[in-house]
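Chain naming here is simple, since letters A, B, ... match the order of the sequence lines and numbering starts at 1 in each. When reading the values below, keep in mind they use all heavy atoms of this one structure, side chains included, and skip hydrogens, waters and symmetry mates.
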There are 2 protein chains.
Amino acid sequence: MALAKFTTDGILDAAAEEVRNHGSAVRIASIAARVGAPTGSIYHRFGSREELLVHLWLRSVRRFHEVYLAAGRTEDPEKALLGMAESVVTFTRDHPQDAASMALFRQKRLVENTPDSCREAVAHINDEIHERLSELAQLRYGRVTEKRRQLVRIAAADGPYGFVRPYLWDSVPEWLPAVVVASSTAVLALGD
Amino acid sequence: MALAKFTTDGILDAAAEEVRNHGSAVRIASIAARVGAPTGSIYHRFGSREELLVHLWLRSVRRFHEVYLAAGRTEDPEKALLGMAESVVTFTRDHPQDAASMALFRQKRLVENTPDSCREAVAHINDEIHERLSELAQLRYGRVTEKRRQLVRIAAADGPYGFVRPYLWDSVPEWLPAVVVASSTAVLALGD
DNA sequence: AAACATCTAGAATCTATGCTCTAGATTATT
DNA sequence: AATAATCTAGAGCATAGATTCTAGATGTTT
């Protein structure tokens with residue numbers, strides 16, 4: 001076997017950089033140029049541009065989930081949810097490339113038209129998160145209703161994401177975490 | 001003179017529909033097909049794809065501003081700001097095509113690389129809004145600081161937009177306005 | 001060292017889509 | 001009706017960028 005000069009992770013790193021700069025308009029040629037490889041070498045690792053981007057997305061989402069779940073392991077459920085909300089912002093600040101890569105797709109749409117080789121991974125990537133959010137909804141409210149389930153999702157995930165989104169391509173203001181926590185606190189209170 | 005079979009507005013309507021379905025990946029051919037015109041007729045009205053999309057964006061933004069400013073004319077400044085926040089959601093719900101079209105560009109980036117014919121319009125389109133938000137910041141807080149200015153912008157604009165964004169391609173949940181108002185109220189309170 | 005597997009190289013091909021071009025149709029004006 | 005201005009038609013051109021192909025390099029195994 002030959003020693004790989006260009007690793008999968010190396011290519012994904014380059015792709016992430018390019019995504020940070022050009023969004024979903026990334027070109028294979030730019031990624032290749034950035035790692036110093038010819039485009040052919042990219043296709044040796046990934047079957048298509050689409051497949052490459054999905055792999056990048058998966059890697060970034062997994063990295064985020066680690067931080068996000070850690071923030072959600074706090075005992076007190078309210079604090080856990082607010083910690084998760086805050087971690088969306090701090091992760092974006094600390095890992096802008098991953099944050100930009102995560103914005104390439106939305107899971108729901110991706111499952112439907114993704115290369116077969118990735119479908120399973122994409123389909124289940126959020127399972128653990130959903131489970132934890134359900135638990136926390138239970139702990140926070142006692143009796144869980146549909147509305148409360150949704151409030152939890154908005155407070156801990158969708159809302160914070162909405163607040164950071166404008167800053168995915170710039171840098172995150174230092175006061176943003178406080179804004180997110182205040183907002184999410186208010187949203188959770190709507191369920192009481 | 002010949003009577004125009006395909007009007008500017010008609011083409012933009014078709015483009016808006018296409019944007020609602022395919023986002024920024026709209027193809028000229030699809031727009032043409034939807035109005036029943038050959039692609040050449042599109043180019044008779046618009047110099048380029050870019051120019052067409054910018055015109056569409058401008059039209060949608062103007063329509064939104066009308067609703068948004070109306071909501072902000074309320075006497076009480078806190079109520080005015082919350083009304084504006086809420087109108088972001090209701091406008092998106094009631095005019096999904098325009099909402100999707102507005103998401104095509106962000107003004108700040110657009111000014112820099114827009115066809116010359118649109119630059120002026122793009123550059124000044126937000127002026128009236130900024131003016132009104134400044135007034136309201138003054139009325140709401142008395143002494144205006146940089147932080148308070150930002151809180152107002154987030155509470156009345158960026159935040160609400162973040163909350164609706166996930167629903168630009170689906171339909172807006174009926175409970176979303178209440179969530180936005182709760183959130184924005186909390187954000188404004190951070191300035192007290 | 002011979003045979004093998006894997007990886008790199010990068011030119012060549014394919015494809016999608018924006019855009020141009022010229023002929024002709026349509027309506028207003030005189 | 002003649003003329004002019006504007007608009008439609010839609011085939012064809014141009015280009016960007018993804019993808020493929022094949023020769024050769026590089027390391028591994030026996």
Tell me, please, which residues at least two apart from B/Glu78 pass side chain to side chain donor-acceptor pair (under 3.5 Å). B/Arg140
When rounded to whole Å, the CD1 to P distance for the pair A/Ile42 and C/dA9 reads 11 Å
Assess the side chains of A/Arg93 and A/Thr90: does a donor N or O sit below 3.5 Å from an acceptor N or O? no
A/Phe46 atom CZ is separated from D/dT20 atom P, nearest whole Å, by 15 Å
Spell out, yes or no, whether A/Val144 and A/Leu136 are grouped together once hydrophobic residues are joined by side-chain heavy atoms under 4.5 Å, including indirect joins. no
Using whole Å, what does the distance between atom P of nucleotide D/dT19 and atom CD1 of A/Ile31 come to? 11 Å
With side chain to side chain contact (heavy atoms under 4.5 Å, CB included) as the criterion, how do B/Leu188 and B/Tyr141 come out once you've worked through the C-alpha distance, each side chain's angles and the decisive distance to 0.1 Å? CA-CA 9 Å; B/Leu188 285 177; B/Tyr141 290 122; 3.8 Å; yes
Residue met sooner reading DNA chain D from 5', once B/Ser41 and A/Ala29 are mapped to nucleotides: B/Ser41
Under 3.5 Å, is there a donor-acceptor pair between the B/His130 and B/Asp127 side chains? no
Pairing of A/Arg149 and A/Glu146 as salt bridge, 4.0 angstrom limit: yes
Rounded to the Å, how far apart are B/Arg45 CZ and C/dG18 C1'? 19 Å
Grab the CG-C1' distance between B/Leu53 and C/dG18 for me, whole Å please. 12 Å
Tell me the interatomic distance from A/Arg49, atom CZ, to D/dT19, atom P, rounded to whole angstroms. 8 Å
Among the nucleotides C/dA9, D/dC7, D/dT19, which one has an atom lying closest to any side-chain atom of B/Ala4? D/dC7
Round to the nearest Å and state the distance from B/His44 atom NE2 to C/dC19 atom P. 17 Å
In this structure, how many angstroms lie between the P atom of C/dG10 and the CD1 atom of A/Ile28, rounded? 18 Å
Closest to the B/Arg27 side chain, choosing from C/dT8, D/dT20, C/dT17: C/dT17
Tell me what B/Ser48 touches on the nucleic acid: a base, only sugar-phosphate, or nothing, going by heavy atoms under 4.0 Å. sugar-phosphate
Rounded distance [0.5 Å steps], CG in A/Leu110 versus SG in A/Cys118: 8.0 Å
Base, sugar-phosphate or nothing for B/Val35? Non-hydrogen atoms, less than 4.0 Å. nothing
Which parts of residues 5-13 of chain A get close to DNA chain C, meaning a heavy atom less than 4.0 angstrom away? A/Lys5, A/Phe6
